[in-house]
Amino acid sequence: MPTYPEMALDPTIFEVDPTIWCPNKPIPYSFLAHALSTLTTTRSRIAILNILTNTLRVILKTHPPSLLPSLYILSNTLSPPYESIELGLGYSTVTKAIQHVSGLSSAALKRLYTKTGDPGDVAFEAKSNVRTLIPHPPLLITSVYDSMLKIALAKGQGTAKQKQSIVEKLLVAAKGEEVRFLVRTLFQNLRVGAVRTSILTALARAMVMTLPSSISDTSAINLSHYADEALITAVKELNLTKSGGKKKKVEDAVDPSNILSEKFAAAEALIKRVYVQHPNYGHIARALVEMGLNDLAEHVPLTVGIPLHPTLGSPTRSLDEVYDRLENLAFSAEFKYDGQRAQIHGWKDSSEGPVSVKIFSRHLEDMTDKYPDVVQLVQNSFTADPELQSFIIDTEIVAIDPRNGELRTFQELSNRARKDVQMTEIKIAVCVFAFDLLYLDGQILLQEPFRKRRALLRTRLPPVIPEWKGAARLDHVRSVESEAGREAIEEFWQEAVESRVEGLMVKLLDSGEVLEEPSNKKGRPRRKPLPATYEPDKRTSAWLKLKKDYVTGLGDSLDLVPIGGWHGNGRKVQWWSPVLLALYDPSSGKLVAVCKCMSGFSDVFYKSMKEKYAEGSENCSYQNIWDVETGGLKPHVYFKPQEVWEIRGADVTISPVSVAALGLVSQSRGLSLRFPRFMKVREDKNIEQASIPDFLAGMYRGQQGKREKVEGVDDGDLLDATMESEAQESEADLSNSD
DNA sequence: TTTGACTGCCC
DNA sequence: ATTCTGC
DNA sequence: GCAGAATGGGCAGTCAAA
């Protein structure tokens with residue numbers, strides 16, 4: 001194994017040695033493992049970016065074909081998100097393989113797991129005692145990636161064994177740190193403090209400093225993107241002397257480190273912008289390796305049929321906060337429906353040609369197969385408007401009652417089949433609530449203000465209610481504009497609270513300026529631009545999500561008793577996480593588990609919890625000695641019940657594992673909580689004063705009671721007998737005995 | 001053939 | 001999804 | 001304020017075991 005350099009150096013000081021391997025020889029996986037291992041030694045963002053930048057520079061300089069597999073391994077993916085290639089293995093298969101290769105018992109591995117809280121660390125320790133007799137050729141970055149692909153592509157009977165054997169071969173060949181990161185990669189949880197954003201930042205910096213060795217003809221290259229030798233040397237000298245003496249005052253414009261920073265910033269912005277509009281490392285790596293940073297955005301453009309990262313909203317806790325943040329700028333308040341985010345692409349390659357449709361999820365998975373009814377709807381829109389050539393819309397797909405369009409729950413939408421769905425087999429009807437238009441007839445609209453995008457959406461893609469009741473509908477989200485006055489907005493919010501939507505999305509209509517948050521006390525307040533453009537991948541302040549769940553006194557709040565816990569993973573390895581929580585059932589005097597909870601605890605609270613319920617103390621047992629009912633939830637340890645916590649959730653759900661309130665709503669299923677999180681300790685309550693099953697059942701019924709018609713389409717047609725009976729059946733499934 | 005463990009992905 | 005933490 | 005990490009309920013789909 002070669003001796004690897006110190007990776008955390010400032011990139012101007014780090015020397016890329018092109019002879020570290022034979023020129024153009026594939027790069028050993030041990031190099032990547034070395035880099036990943038170095039990453040885990042620091043939490044400094046600067047150091048992390050240095051390590052990643054230097055790693056990618058070495059790859060660009062010595063073996064550009066290794067760039068793409070390296071990007072996949074670093075980002076814990078195998079393919080672009082919209083091409084679903086999944087490993088299909090997890091704890092069970094990998095643990096079996098580790099067991100087989102290390103020869104350790106399953107109990108010994110469990111002990112290691114409890115101690116380290118990381119499967120990679122378990123494998124590392126397990127294998128550290130194993131002496132391999134036969135020397136193995138070194139693993140290569142490319143060969144590791146190819147093995148992963150092989151695992152992912154295995155299909156059908158007998159594949160579990162096949163996958164396990166590939167994993168075992170990898171583990172046998174892996175040495176030292178390679179074992180740790182190989183296993184973390186197989187678990188798709190690298191935990192090195194760097195995910196997509198850092199990788200893209202480092203890729204940009206690496207490109208600025210290192211022209212890939214694959215670009216031989218530099219005459220066609222615009223070198224202004226890059227830092228030349230002289231600049232790098234100048235910054236290096238500054239960096240080397242900086243620590244010793246005082247930095248000499250230089251004009252900003254000629255300060256070499258400023259010039260380099262600016263080149264970095266420009267390349268980072270470019271690569272990030274390109275990636276979020278066209279999230280495909282393969283296309284980006286190819287363009288970079290062949291043509292460098294030149295015209296990257298033109299080589300890898302936003303493309304109909306390839307998803308872009310959606311804009312996200314910032315959580316907001318009250319209407320007051322909304323007005324505080326947007327001041328007097330015009331906004332639209334929209335219903336936030338409880339369904340599934342969907343980015344829908346529709347296009348014709350020629351005016352007579354067939355219509356192509358793709359439907360992508362919030363995380364850019366291709367779910368076209370799940371919604372043939374929506375595909376049909378889109379195709380009909382093209383038929384209805386022969387002028388239409390292409391579009392990308394942002395929508396929420398919501399389950400509806402096919403008879404009248406009433407909204408149904410998220411849980412009902414979840415019941416839809418996902419693969420190879422045939423039109424004739426659809427059981428859950430949907431409405432597509434469109435709220436944004438990103439692309440129309442070959443024009444990218446991201447830079448247009450929301451008011452304009454929305455106007456185009458409304459005129460070019462009008463609502464559709466097909467004749468057949470089970471067909472997908474198209475509608476626009478219901479909204480009220482700030483121009484209608486605060487009272488109208490309050491009223492609209494009230495309507496949202498009382499109906500089956502999650503709350504409101506408040507969106508800036510025109511680009512403007514707002515007061516910057518007074519982050520440091522002495523800085524005087526400044527105006528900061530707030531664009532109303534579509535910002536892929538950003539949690540923007542121009543979109544505020546106001547969920548009733550966030551607003552104090554509106555969400556569902558329960559007082560529950562902690563009755564057990566699990567050993568935490570990763571950074572929570574020394575604490576109990578998650579914690580099992582229970583209702584108090586006065587009729588039996590027993591505590592009944594409702595849900596697990598891991599959100600809302602501060603580190604300080606975790607520490608005190610671990611002290612109070614210390615392993616081996618009288619408050620903590622491996623057996624269920626306090627006789628609590630946990631249903632399908634089996635914690636590692638049981639707590640002596642003694643306190644009450646306020647727990648908040650967004651909804652009450654019918655649960656396949658919970659036995660809380662069993663028999664009150666359904667004969668066979670209990671109730672649980674969606675998005676549970678810890679609010680505070682109820683010092684004033686003892687465990688007999690915790691919430692009871694009747695209370696939880698009442699909350700569930702309250703939710704079900706909200707059946708007002710809330711969407712905008714009016715529809716008084718006759719009922720379709722078939723769909724009606726099906727709808728009632730599915731409702732019976734959910735809300736009553738089964 | 002049915003059941004159940006496991007995985008991936010919605011929120 | 002939600003939430004907390006370090007930079 | 002960003003970036004990262006650690007996890008929630010619950011569904012369909014896949015494959016192995018019963």
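All figures in this text were calculated on a predicted structure; none of them were measured in a lab. Proteins get letters first, then strands, A, B, ... in listed order; numbering begins at 1 in each. When reading the values below, keep in mind they use all heavy atoms of this one structure, side chains included, and skip hydrogens, waters and symmetry mates.
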Separation of atom [atom1] in [X] from atom [atom2] in [N], rounded to whole Å:
| X | N | atom1 | atom2 | answer |
| --- | --- | --- | --- | --- |
| F187(A) | dA5(D) | CZ | P | 17 Å |
| D369(A) | dT14(D) | CG | C1' | 16 Å |
| K427(A) | dC11(D) | NZ | P | 16 Å |
| I426(A) | dA12(D) | CD1 | C1' | 15 Å |
| L530(A) | dG1(D) | CG | P | 12 Å |
| L560(A) | dG8(D) | CG | P | 16 Å |

Taken in chain and number order and not counting sequence neighbours, the residues that satisfy side-chain hydrogen bond (donor to acceptor under 3.5 Å, both in side chains) with E502(A) are K336(A), K547(A)
Residue set satisfying side-chain hydrogen bond (donor to acceptor under 3.5 Å, both in side chains) with R273(A), at least two apart, ordered chain then number -> none
CD1-OG1 distance between I51(A) and T53(A), expressed to the nearest 0.5 angstrom: 9.5 Å
What is the nucleic acid contact for [X], judged by heavy atoms within less than 4.0 Å: base, sugar-phosphate only, or nothing?
| X | answer |
| --- | --- |
| L413(A) | nothing |
| G158(A) | sugar-phosphate |
| Q162(A) | nothing |
| A194(A) | sugar-phosphate |
| V573(A) | nothing |

Hey, does the side chain of [X] come within less than 4.0 Å of [N]'s phosphate (OP1/OP2), counting only N and O?
| X | N | value |
| --- | --- | --- |
| N189(A) | dA5(D) | no |
| K419(A) | dG13(D) | no |
| S414(A) | dG10(D) | no |
| R674(A) | dG10(D) | no |
| Q411(A) | dG9(D) | no |
| N569(A) | dA5(D) | no |

Please determine which of R500(A), R674(A), R408(A) meets the salt bridge (charged side-chain N to carboxylate O under 4.0 Å, His left out) test together with D338(A). R674(A)
Could you tell me from which nucleotide to which nucleotide of DNA chain B, 5' to 3', there is an atom under 4.0 Å from chain A heavy atoms? dC6(B) to dC11(B)
Listed once per pair and sorted, the side-chain hydrogen bond (donor to acceptor under 3.5 Å, both in side chains) pairs that draw on residues 148-168 of chain A, sequence neighbours left out: H100(A)-E168(A), Q164(A)-E168(A)
What side-chain hydrogen bond (donor to acceptor under 3.5 Å, both in side chains) pairs are there with at least one residue in residues 181-193 of chain A, not counting sequence neighbours? D118(A)-R184(A), D118(A)-R191(A), D121(A)-R184(A)
Candidate pair R527(A) and E327(A), rule salt bridge (charged side-chain N to carboxylate O under 4.0 Å, His left out), full reasoning: CA-CA 12 Å; R527(A) 309 294 297 176; E327(A) 299 171 15; 3.1 Å; yes
Heavy atoms from C-beta onward define the side chain here; which of [options] lies closest to that of [X]?
| X | options | value |
| --- | --- | --- |
| S577(A) | dA12(D), dT7(D), dC15(D) | dT7(D) |
| T159(A) | dC15(D), dG10(D), dA6(D) | dC15(D) |
| Q157(A) | dA16(D), dC11(D), dT7(D) | dA16(D) |

What pairs of residues pass the ring pair (Phe, Tyr, Trp, His ring centres under 6.0 Å) test when at least one of them lies in residues 180-205 of chain A, not counting sequence neighbours? none
Those residues at least two apart in sequence (or on a different chain) that pass ring pair (Phe, Tyr, Trp, His ring centres under 6.0 Å) with Y82(A) are none
Taking the C1' atom in each of dT7(D) and dC10(B), what is the distance between them to the nearest angstrom? 16 Å
Which residues satisfy the side chain to side chain contact (heavy atoms under 4.5 Å, CB included) test with S75(A), sequence neighbours excluded? T77(A), I199(A), Y281(A)
Reading nucleotides 2-7 of chain C 5' to 3', which nucleotides get B (base under 4.0 Å from a protein heavy atom), which S (sugar-phosphate only), which -? BSSSSS
